[in-house]
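Written below as structure tokens is the structure these notes are about.
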Amino acid sequence: MTITIGVLGLQGDLEEHVSAWKQALEECNSSGNVRVVKKKEDLGSLSAISLPGGESTVMGGLASRSELFSELKERILDGLPVLGTCAGMILLSKGSRDRVVTDKKQPLLGVLDVEVERNHYGRQGESFEKMISISVLGPEPYRGVFIRAPVVRKIGDGVKSLAELDGEPVCVSQGNLLATSFHPELSGDDRLHSYFLREYLK
Ligand code: GLN
């Protein structure tokens, strides 16, 4: 069966995810396609999907105006593997609060048993990069790119933290879900996407 990886394409850095997937597929010697997902019909026959970084309130707002949101949620609950990065992690979460405006009541998929605080690491101008250690990727540190990034405030029993920054989880996994506060698609290091292809597509 040919692998088809979807990238939610409503807003955000989808092109960077498309490139990261192409690179990771090559790295893993997998022939596969990458498809931008804009409507529920695009979800058909996907092997996995990534939810990119961007603005979770915009992405959730647009997706929930069509059947895309509910269909995506159903597919995820059915086992579709998902990589959510930054805004993508927020969309997956069960609860989000904004650091400044607290409860925005934004549409969330609510499939990842974590609660996040949006914009925890500050505004756009306070974006930063930090080398972090991600145990499953081996000993070589990973360049974490943090842009208005969320922090995981509460973590459910079935959720594993794979990396921390200052003692707070910034990369978590739960069943078919992998989510990061940072942007692996901007790091120039395809190890996290390759890890996902190896471990989540079985
Ligand atoms: N702060 C953004 C949000 O809440 C996420 C930022 C990002 O994806 N870089 O959606």
Side-chain angles (χ1 to χ4, degrees), residues 5-21 36-38 48-66 68-69 72-73 76 82-132 134 142-155 159 161-166 168-173 177-190 192-193 196:
I5 309 288
V7 177
L8 185 67
L10 299 174
Q11 189 267 340
D13 67 346
L14 52 140
E15 288 308 330
E16 286 77 0
H17 266 274
V18 171
S19 308
W21 283 126
V36 173
V37 173
K38 288 184 187 284
I49 189 166
S50 62
L51 312 183
E55 184 54 49
S56 57
T57 52
V58 174
M59 280 187 241
L62 289 172
S64 60
R65 265 183 236 155
S66 72
L68 175 60
F69 212 56
L72 175 60
K73 180 168 179 168
I76 296 173
V82 189
L83 170 63
T85 70
C86 201
M89 173 199 255
I90 298 169
L91 278 179
L92 289 171
S93 73
K94 284 212 164 135
S96 84
R97 286 171 68 76
D98 186 273
R99 182 178 60 102
V100 181
V101 290
T102 63
D103 195 356
K104 287 267 283 185
K105 299 214 184 332
Q106 65 183 125
L108 298 173
L109 291 161
V111 289
L112 176 63
D113 193 9
V114 298
E115 284 181 28
V116 299
E117 184 183 275
R118 298 175 58 228
N119 302 312
H120 170 80
Y121 294 102
R123 292 168 188 265
Q124 190 81 14
E126 288 148 332
S127 303
F128 63 96
E129 293 182 10
K130 193 129 190 204
M131 297 310 283
I132 51 177
I134 307 179
Y142 191 90
R143 189 160 74 97
V145 179
F146 292 82
I147 304 171
R148 293 185 297 117
V151 71
V152 175
R153 278 289 183 219
K154 268 197 201 159
I155 188 162
V159 184
S161 171
L162 303 180
E164 286 91 37
L165 179 62
D166 302 330
E168 319 238 43
V170 290
C171 178
V172 295
S173 72
L177 313 176
L178 180 63
T180 62
S181 296
F182 52 91
H183 290 268
E185 71 279 15
L186 299 180
S187 66
D189 182 340
D190 63 24
L192 198 90
H193 284 75
F196 180 89

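Remember, it's 1-based here, ligands and their atoms both numbered in the order they're listed.
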Which residue and heavy atom of the protein sit nearest atom 7 (C) of ligand 1, plus the separation: Cys86 SG, 2.9 Å
Nearest neighbour in protein (non-hydrogen) for atom 4 (O) of ligand 1: Arg118 NE, 2.5 Å
Answer yes or no: does an N/O atom from [X] fall short of 3.5 Å to an N/O atom of ligand 1?
{"X": "Asn119", "value": "yes"}
{"X": "Ile147", "value": "yes"}
{"X": "Ser56", "value": "yes"}
{"X": "Gly54", "value": "yes"}

Has Ser187 got a side-chain atom pairing as donor or acceptor with His183's backbone, closer than 3.5 angstrom? no
Heavy-atom side-chain contact between Leu8 and Leu68 under 4.5 Å: yes
Quick one: which ligand 1 atoms are inside 4.0 Å of a heavy atom on [X]?
{"X": "Ile90", "answer": "3 (C), 4 (O), 10 (O)"}
{"X": "His183", "answer": "7 (C), 8 (O), 9 (N)"}
{"X": "Gly53", "answer": "8 (O)"}

Evaluate the ring planes of Tyr142 and Phe182, with Trp represented by its six-membered ring, and classify them as parallel (under 30°), tilted (30 to 60°) or perpendicular (over 60°). tilted
Compare every heavy atom of Leu72 with every heavy atom of Ile49, then report the nearest pair and how far apart it is. CD1-CD1, 4.0 Å
Kindly give the heavy-atom pair with the smallest separation between Cys171 and Thr180, and that separation in Å. SG-CG2, 3.9 Å
Pick out which of Gln11, Arg118, Gln106 makes a side chain to side chain donor-acceptor pair (under 3.5 Å) with Glu55. Arg118
Run the side chain to side chain contact (heavy atoms under 4.5 Å, CB included) test on Leu109 and Leu51 for me, step by step, so that the C-alpha distance in whole Å, both residues' side-chain angles and the decisive distance to 0.1 Å come before the verdict. CA-CA 11 Å; Leu109 291 161; Leu51 312 183; 3.9 Å; yes
